[in-house]
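Working notes for the structure below.
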Amino acid sequence: MAKRKDGTNKDRMRRATEVVLAGRNPSEQYGFVNTPIYRGSTVLSPTVADYVGKKGRYVYGRRGTPTTEALAQAISKLEGSAGTTLVSSGLSAITTALMSVVRSGDHVLVADTVYGPTRHFCDTLLSGFGADVAYYDPLIGAKIADLFRPNTRAVFLESPGSLSFEVQDVPAIAEVAQARGAAVLMDNTWATPLFFRAHDFGVDLSIQAGTKYLGGHADANLGTISTTAKYWPQVKETVGSLGLNPGPEDAFLMLRGLRTLSVRLDRHMESGLKVAHWLESRPEVLRVLHPALPSHPQHALWKRDFTGACGLFSVVLKPKPQTAVNAFIDALELFGIGASWGGYESLVIPFDCKSVRTATTWNPGGPTVRLHVGLEDPEDLIADLEQGLQRLATA
Ligand SMILES: *Cc1c(COP(=O)(O)O)cnc(C)c1O
């Protein structure tokens with residue numbers, strides 16, 4: 001299994017060029033730089049033979065337009081995939097990916113730290129359709145072999161977990177799954193293909209909530225499923241069969257966001273680390289859960305496999321009543337209180353994983369908040385957090 005080299009300058013340059021070039025075809029757009037928004041359902045055929053033989057490059061709006069094709073091609077290029085299919089949200093990409101590989105009677109292994117709505121889908125619809133869902137410790141590594149059964153069809157990973165930031169040993173888990181013929185699915189939203197090329201580590205289906213960094217401006221939802229050649233036909237068939245497609249404007253916004261992805265991510269990483277280091281030095285803070293900090297328990301794994309970190313991480317505060325934590329959050333002026341992340345703006349939410357863990361126990365030692373460090377000046381963000389922490393102390 002080929003491992004990606006650490007992010008050398010040359011490598012980073014290559015990716016920066018790739019996000020600018022991928023999926024573009026000005027010669028097909030009268031020379032205009034960007035593929036425009038194609039709105040359309042009906043595609044006309046010149047003759048009956050063309051219509052019956054589905055000879056056109058495009059056959060129907062739901063099946064793809066030049067706008068959605070440009071985006072799918074760009075993502076395939078960045079992920080190194082055989083194909084990418086687009087759906088209307090990140091959650092839809094997760095549920096569709098699972099439905100494309102799991103059938104009634106199959107056993108599915110899901111990381112205990114997955115995004116909440118992923119877990120909800122597994123516990124309701126997927127289980128309701130007759131799949132046997134089991135959760136595993138995200139830090140299990142190669143020992144996941146012990147959990148395999150003859151009917152284990154899929155393993156779902158999310159690394160790092162998007163609330164608690166455990167980093168999984170993706171190649172070790174993937175190797176076990178590949179040897180047993182199970183599909184490896186990964187929610188790769190945190191790293192994006194710029195910081196983690198999932199297929200290089202044995203992942204068959206790499207999933208992105210494009211809603212986050214790809215769009216980057218908190219103004220659209222979209223999901224992508226990128227696959228190896230082996231899984232491309234069945235994923236394409238499932239998406240076609242379910243009739244899923246993103247809106248044309250949302251696809252356009254993703255293409256637009258993509259062009260600045262590498263500069264935005266570099267800044268999110270730099271500012272995020274600056275804020276994380278500062279928080280680590282504060283007396284109110286017990287721990288900072290950021291994989292790129294040397295204090296993170298799986299820092300070595302992160303360093304081995306990832307070429308960067310985004311602006312999303314969590315903070316464990318020293319024990320305080322929730323009312324004081326809420327006063328801290330309410331006092332923040334530059335951090336908006338809201339779900340989602342990956343936009344240009346900073347965000348904060350309180351969270352508690354206790355009720356959504358079954359294979360592991362969540363006992364961080366104090367109240368937890370998740371931060372998204374946006375593109376504001378990090379010194380301003382630190383000043384804002386400082387006045388917020390004063391409120392925490394006096395509340
Ligand atoms: C937000 C998110 C999703 C879902 O994306 P939506 O577009 O909101 O459906 C999936 N996975 C992770 C890790 C996310 O943070």
Side-chain angles (χ1 to χ4, degrees), residues 68 71 75 79 84-99 110-126 135 138 156-168 170 185-196 198 203 205-226 239 242 244-247 249-251 253-254 257-258 265 268 272 289-291 306 309-314 336-349 351 353 356-357 368-374:
T68 57
L71 177 59
I75 301 300
E79 295 262 20
T84 292
T85 173
L86 311 175
V87 292
S88 63
S89 71
L91 180 57
S92 180
I94 292 162
T95 59
T96 306
L98 279 163
M99 279 191 282
V110 179
D112 205 30
T113 39
V114 287
Y115 178 62
T118 303
R119 193 176 186 111
H120 177 80
F121 171 76
C122 289
D123 290 345
T124 55
L125 274 175
L126 198 62
Y135 293 95
F156 192 98
L157 301 89
E158 180 180 317
S159 182
S162 57
L163 280 175
S164 44
F165 298 93
E166 295 86 349
V167 179
Q168 300 197 250
V170 179
L185 293 75
M186 177 169 168
D187 183 335
N188 192 25
T189 302
W190 184 85
T192 84
L194 261 61
F195 289 158
F196 187 82
V203 172
L205 281 71
S206 176
I207 299 156
Q208 300 279 330
T211 309
K212 308 292 161 59
Y213 284 112
L214 190 55
H217 294 71
D219 53 9
N221 286 89
L222 188 138
T224 70
I225 311 167
S226 300
V239 171
L242 288 169
L244 306 173
N245 65 325
E249 182 158 341
D250 297 333
L253 287 171
M254 296 294 141
L258 173 66
L265 275 177
H268 283 292
L289 309 176
H290 189 312
F306 288 74
C310 70
L312 191 78
F313 61 92
S314 288
I337 304 167
S340 204
W341 41 277
Y344 55 83
E345 83 292 14
S346 290
L347 294 169
V348 59
I349 50 165
F351 71 93
C353 297
V356 288
R357 294 289 154 86
T368 41
V369 294
R370 188 181 72 181
L371 298 179
H372 177 250
V373 169

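These numbers come from the heavy atoms of this one structure, side chains and all, not from hydrogens, waters or symmetry mates. Remember, it's 1-based here, ligands and their atoms both numbered in the order they're listed. The structure presented is a predicted model; accordingly, all values stated were derived computationally and were not measured.
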Review point. Which class fits the ring pair His268 and His372: parallel under 30°, tilted 30 to 60°, perpendicular over 60°?
Key: tilted
Practice item. Carefully, step by step, assess Val170 and Val203 under the rule side chain to side chain contact (heavy atoms under 4.5 Å, CB included). Key: CA-CA 8 Å; Val170 179; Val203 172; 3.7 Å; yes
Check your understanding: Can you name the residues that form a side chain to side chain contact (heavy atoms under 4.5 Å, CB included) with Phe351, not counting sequence neighbours?
Key -> Leu163, Ser314, Cys353, Trp362, Thr368, Arg370
Review point. Do side-chain atoms of Tyr115 reach the backbone of Leu91 as a donor and acceptor pair under 3.5 angstrom?
Key: no
Atom pairs, nitrogen or oxygen, ligand 1 to protein, under 3.5 angstrom:
| residue | atom | partner | partner atom | Å |
| --- | --- | --- | --- | --- |
| ligand 1 | 7 (O) | Gly90 | N | 2.8 |
| ligand 1 | 7 (O) | Thr211 | OG1 | 2.5 |
| ligand 1 | 7 (O) | Asn221 | ND2 | 3.0 |
| ligand 1 | 9 (O) | Gly90 | N | 3.2 |
| ligand 1 | 9 (O) | Leu91 | N | 2.8 |
| ligand 1 | 11 (N) | Asp187 | OD2 | 2.6 |
| ligand 1 | 15 (O) | Lys212 | NZ | 2.6 |
| ligand 1 | 15 (O) | Trp341 | NE1 | 3.1 |

Exercise for review: Check the pair Glu79 / Asn188 against side chain to side chain contact (heavy atoms under 4.5 Å, CB included), numbers first and verdict last.
Suggested key: CA-CA 10 Å; Glu79 295 262 20; Asn188 192 25; 4.1 Å; yes
Check your understanding: Angle class for the Phe306/Trp190 ring planes (parallel below 30°, perpendicular above 60°, tilted otherwise)?
Key -> perpendicular
